[in-house]
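Structure first, commentary second.
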Amino acid sequence: DGYLATCAMLRESDLRDRAGAIRAPTLCVAGEHDATTPPALARETAALIEGARAETIPGAAHIPCIEKPAEVAALIEAHLSGARHG
């Protein structure tokens, strides 16, 4: 019941109007085959945040950090490197 309630809450939440307040360097990541949070949604979210970027992990679905850990780690490493020096 708790899991279902959490899924319903996430489905009903729309925080797009708050995304523009994010000031931290932001990287939005989505798996190429993710039907729940598809790459288009990651791109739309990144567009709401000044300076954010979106990346798609080829061949991954909903949990790219498990499905393609090396690719996700490389993106995060590059993002953090840029954040420290940007």
>> Hydrophobic clustering (ILVMFWY, side-chain heavy atoms < 4.5 Å, transitive) - are Leu75 and Ile66 grouped together?
In response: no

> Which residue pairs pass the side chain to side chain donor-acceptor pair (under 3.5 Å) test with at least one member in residues 62-71, sequence neighbours excluded?
Replying inline: Asp34-His62

> Between Ile76 and Ile57, is there a shared hydrophobic cluster once you connect ILVMFWY residues whose side-chain heavy atoms come closer than 4.5 Å?
Replying inline: yes

> How far apart are the C-alpha atoms of Ser13 and Met9, what are their side-chain angles, what is the distance that settles it, and do they pass the side chain to side chain contact (heavy atoms under 4.5 Å, CB included) test?
Replying inline: CA-CA 6 Å; Ser13 295; Met9 182 275 308; 3.4 Å; yes

>> Quick check for you: to the nearest 0.5 Å, what is the distance between Arg16 atom CZ and Leu41 atom CG?
In response: 8.5 Å

> Are any non-hydrogen side-chain atoms of Pro39 and Arg43 less than 4.5 angstrom apart?
Replying inline: yes

> In Å and rounded to the nearest 0.5 Å, what is the CG to CG distance from Leu48 to Leu15?
Replying inline: 11.0 Å

> Is there a path of hydrophobic side-chain contacts, each under 4.5 Å between heavy atoms of I, L, V, M, F, W or Y residues, that connects Leu27 with Ile49?
Replying inline: no

> If you look at every heavy atom in Gly59 and Glu32, which pair is closest and at what distance?
Replying inline: N-OE1, 2.6 Å

>> How close do Pro25 and His79 get, counting heavy atoms only, and between which atoms?
In response: O-NE2, 3.3 Å

> For Glu50, does the CD atom have more than 12 heavy-atom neighbours from other residues, nucleotides or ligands under 6.0 Å away?
Replying inline: no

> Closest approach of Ala30 and Pro64, non-hydrogen atoms and distance?
Replying inline: C-CG, 4.4 Å

> Got a sec, which residues hit salt bridge (charged side-chain N to carboxylate O under 4.0 Å, His left out) with Asp1, two or more places apart in sequence or on another chain?
Replying inline: none

